[in-house]
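Have a look at the structure below, then the notes.
Chain A is the first sequence line, chain B the second, and so forth, proteins listed ahead of strands; every chain is numbered from 1. Here the structure is a predicted model, which means the values were calculated and not measured.
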2 protein chains.
Amino acid sequence: MTKKQKDKPDIVAVAKAAGVSISTVSRSFNHPELLKPATRKKIDRAVQRLGYIRNRAAQVMHGRRSGTIGLVVPTIDNAIFAELIQSFSDGLDQQGFTMLIASHGFDLDREYKMLRKLMEHRVDGLALIGLEHSEATYQLIEQQGVPTVAIWNYSDEARLSCVGAQNSEAGRLAARHLLDLGHRDIGLVFPDPVGNDRAHDRLHGALSELRREKIKVPEEWQLQASYSIADSKRASLSLLGRSPRPSAILCGNDIIAQGVLYAAKRLGIAVPGELSIMGIGDFKGSGEIEPSLSTIRIPAKRIGALAAKQIADAVTGKSAGTTATNYELSILIRDSTATPSGMANT
Amino acid sequence: MTKKQKDKPDIVAVAKAAGVSISTVSRSFNHPELLKPATRKKIDRAVQRLGYIRNRAAQVMHGRRSGTIGLVVPTIDNAIFAELIQSFSDGLDQQGFTMLIASHGFDLDREYKMLRKLMEHRVDGLALIGLEHSEATYQLIEQQGVPTVAIWNYSDEARLSCVGAQNSEAGRLAARHLLDLGHRDIGLVFPDPVGNDRAHDRLHGALSELRREKIKVPEEWQLQASYSIADSKRASLSLLGRSPRPSAILCGNDIIAQGVLYAAKRLGIAVPGELSIMGIGDFKGSGEIEPSLSTIRIPAKRIGALAAKQIADAVTGKSAGTTATNYELSILIRDSTATPSGMANT
DNA sequence: AATAGTTTTGCAAATGTTTTCATTTTTGGC
DNA sequence: GCCAAAAATGAAAACATTTGCAAAACTATT
């Protein structure tokens with residue numbers, strides 16, 4: 001073939017094909033209103049004919065934005081984040097951004113590496129989950145000056161802009177609900193709080209509320225389970241198989257609660273008759289499970305959408321400085337919690 | 001603040017700080033073995049001190065690969081794809097790639113737009129879900145010559161490399177299982193097959209198997225539900241509330257099956273005693289539900305991992321040409337299916 | 001038909017990196 | 001110490017685009 005054959009057409013090829021200069025082609029993309037309609041049409045046709053697609057990399061080199069936002073999450077394949085990621089992605093898309101995503105499996109050192117990787121790609125902005133990050137991570141963000149938003153957690157003394165809810169409050173509310181129902185024998189199933197401030201905060205919120213009522217949770221009623229139905233079912237099978245067993249179980253999130261629910265069902269323990277189960281999160285489907293899951297609602301969709309808008313605004317200069325948005329939590333009393341059986345007829 | 005203040009340090013700044021030439025700095029990244037250890041150390045220190053992060057955009061301009069792979073999915077927030085996306089992402093990460101992701105909500109025209117968007121970012125490779133795409137999409141891929149893999153579906157006459165399973169076979173197997181158990185009154189709950197070849201193929205596989213046994217599914221036993229527990233529960237509540245009702249329901253996937261299961265539970269219909277429920281997919285947690293879900297296993301994790309490897313190999317030139325990989329399906333007989341009650345004691 | 005605007009277009013520099021080729025420095029054998 | 005060979009480094013071109021500035025092409029006014 002001639003000179004071009006394997007490689008993609010560039011703006012020069014388009015210019016030649018349209019019989020105009022490179023600058024004119026460039027302008028037809030960036031400031032079309034400056035062109036004579038006839039010229040614009042010529043260029044459009046050439047673009048069409050050649051199958052030209054603009055090269056963002058070259059634009060970035062000019063100080064243009066890359067049009068990408070990096071999202072770093074612990075895991076993707078987890079009901080917890082799926083809704084959030086979707087709404088975040090949709091929000092970005094609306095603003096013309098593309099999402100680069102990386103996961104670190106709850107390993108904060110890997111998180112740091114992922115951040116660097118995304119920065120090499122010159123993302124215009126970044127989103128992380130939670131506010132617990134390695135010092136290196138925080139320093140990197142500050143040093144590089146990449147607009148960043150922390151999702152899912154709220155703190156008024158956060159080092160980053162954040163959009164989320166108070167997880168300690170979520171834990172507290174969940175505990176409160178069980179206490180209000182009259183439960184005193186309460187078990188806890190939570191994920192490993194290391195490197196996971198959401199879990200940590202929820203657990204401590206719950207524990208502090210229980211402590212206020214002078215309730216102690218025996219060591220063997222405090223279980224750890226990863227964010228998986230299988231894991232939580234396995235863990236709680238042993239807890240529920242023993243005697244005495246708690247009259248209620250407070251779970252670190254709805255997935256764990258689902259596992260506990262199935263464990264109870266497997267053991268023939270009636271929910272909520274003999275055992276109340278409380279979740280946190282209100283994941284998709286939590287209201288449809290039978291019995292439907294009582295839980296603390298954290299509005300993932302709205303959080304994701306707002307986070308997208310915030311980071312986009314920060315990038316485009318529509319806003320500056322750090323902001324902290326706290327979403328109110330609400331308690332959803334459904335069918336998995338009830339008055340403990342011993343008190344049923346008081 | 002001398003000359004540089006707001007902008008990120010570049011390779012020139014590093015070179016100056018380290019007292020070497022630009023080329024040497026570049027080499028220290030790309031061919032460190034060519035440098036004298038002392039020089040390398042000087043550069044490393046300068047990089048450290050300045051907080052320099054390489055600029056991929058500039059590398060891309062040099063004909064280097066961008067190190068990104070684009071993934072276009074119908075939705076992210078769906079258990080269906082979550083596992084797949086995670087393993088795909090992990091696989092890419094291992095090979096040093098970063099994932100750009102975009103979702104189109106089962107709209108093939110939007111899919112095309114997303115593809116273009118990703119191509120502007122000069123992704124090295126692309127992954128799509130399924131083999132049904134608009135003609136424009138196929139042409140774009142061929143014209144641009146971006147290595148592409150279709151995930152989740154298999155066909156030996158596919159226009160793209162593919163890694164997946166035969167969805168029609170999955171439908172067939174699911175139907176076969178119910179037939180083998182003795183069911184004749186079978187309901188179907190599937191998602192809208194438009195723009196969704198996975199659903200389409202499964203449905204038709206199932207229908208053809210039923211036809212082989214001369215079984216007709218009444219119109220009112222064929223329901224449509226989106227991939228959501230809520231939707232499928234709602235839809236099947238009406239189906240199951242009527243009389244006569246089927247003795248078994250075959251579902252387009254495990255999420256839908258879950259919805260049907262909860263509907264049955266709500267109505268006090270025993271599963272599998274009075275109603276068998278068959279899923280497709282074997283999603284995370286399907287085995288832990290009570291009763292555990294009989295389903296057709298599609299190995300999402302392995303498919304995602306292999307797809308990642310394939311696309312990485314195609315990009316790095318380790319392989320060429322199109323390939324088609326078919327994963328075998330297996331049937332998982334668990335507790336949600338049984339002999340229909342009328343035949344219980346034959 | 002010439003002038004003064006105004007609109008449209010082109011030229012060339014700049015962006016951050018890699019790489020080829022040339023040059024300088026180092027090494028080791030004598 | 002000297003020389004050839006080997007190792008390490010540097011200079012400059014190339015990549016695809018944007019944009020400030022200048023030139024050219026129109027328009028309307030006289």
Using a cut-off of strictly less than 4.0 Å, decide whether H31(A) has a side-chain nitrogen or oxygen near OP1 or OP2 of dT18(D). no
Would you say T24(A) reaches dG10(C)'s phosphate, i.e. side-chain N/O to OP1/OP2 under 4.0 Å? yes
Report the distance from atom CZ of F29(B) to atom C1' of dG16(C), rounded to the nearest whole Å. 12 Å
Atom CG in D10(A), atom NZ in K16(A): separation rounded to 0.5 Å? 8.5 Å
Distance in angstrom units between E120(A) CD and dT17(C) C1', rounded: 13 Å
Between dA16(D) (C1') and L50(A) (CG): distance, integer Å: 15 Å
What's the CZ-P distance between R56(A) and dT18(D), to the nearest Å? 10 Å
Selected nucleotide, minimal atom distance to S26(B) side chain, candidates dT9(D), dT18(C), dT17(D): dT18(C)
Rounded distance (Å) that lies between atom C1' of dA16(D) and atom CD of Q59(B): 16 Å
Closest to the R54(A) side chain, choosing from dT18(D), dT9(C), dT17(C): dT18(D)
Could you check which of dT18(C), dT17(C), dA12(D) has an atom nearest any side-chain atom of Y52(B)? dT17(C)
Reported CD1-to-CD distance for the pair I69(B) and Q95(B), which is rounded to 0.5 angstrom: 9.5 Å
Hey, does the side-chain of R27(B) have a donor or acceptor N/O within less than 3.5 Å of a partner on the base of dG10(D)? yes
From dT18(C), dG10(D), dT19(D), nucleotide with atom closest to I11(B) side chain: dT18(C)
E33(B) CD - dA8(D) P separation (whole Å): 10 Å
Would you tell me if any nitrogen or oxygen in the side chain of N30(B) comes within less than 4.0 Å of OP1 or OP2 on dT18(C)? yes
Nearest-Å distance for atom pair NE2/P, residues H62(B) and dA14(D): 10 Å
Quick check on dT19(C): is either OP1 or OP2 less than 4.0 Å from any side-chain nitrogen or oxygen of R64(B)? yes
Please round to the nearest 0.5 Å and tell me the distance separating atom CD of E83(A) and atom NZ of K301(A). 5.5 Å
What nucleic acid atoms does I22(B) come within less than 4.0 Å of, heavy atoms only: base, sugar-phosphate, or nothing? base
Spacing of CG belonging to L131(B) relative to CZ belonging to R198(B), to within rounding of 0.5 Å: 9.0 Å
With a 3.5 Å distance limit and no angle check, can you tell me whether S161(A) reaches the backbone of T323(A) through a side-chain donor-acceptor pair? yes
Taking any heavy-atom pair under 4.0 Å as a contact, classify V20(B): base, sugar-phosphate, or nothing. sugar-phosphate
Separation between CZ of R159(A) and NE2 of H133(A), rounded to the nearest 0.5 Å: 10.5 Å
Starting the side chain at C-beta, find the nucleotide from dT19(C), dG16(C), dT9(C) nearest to D10(B). dG16(C)
Please determine whether any donor N or O and acceptor N or O are separated by less than 3.5 Å between the side chain of S21(B) and the base of dA11(D). no
Please state whether the phosphate of dT9(C), meaning OP1 or OP2, lies under 4.0 angstrom from any side-chain nitrogen or oxygen of S23(A). no
Within this structure, what is the CD1-to-C1' distance between I53(B) and dT17(C), rounded to whole angstrom? 16 Å
Starting from the 5' end of DNA chain D, give me the residue, G19(B) or A58(B), whose nearest nucleotide shows up first. G19(B)
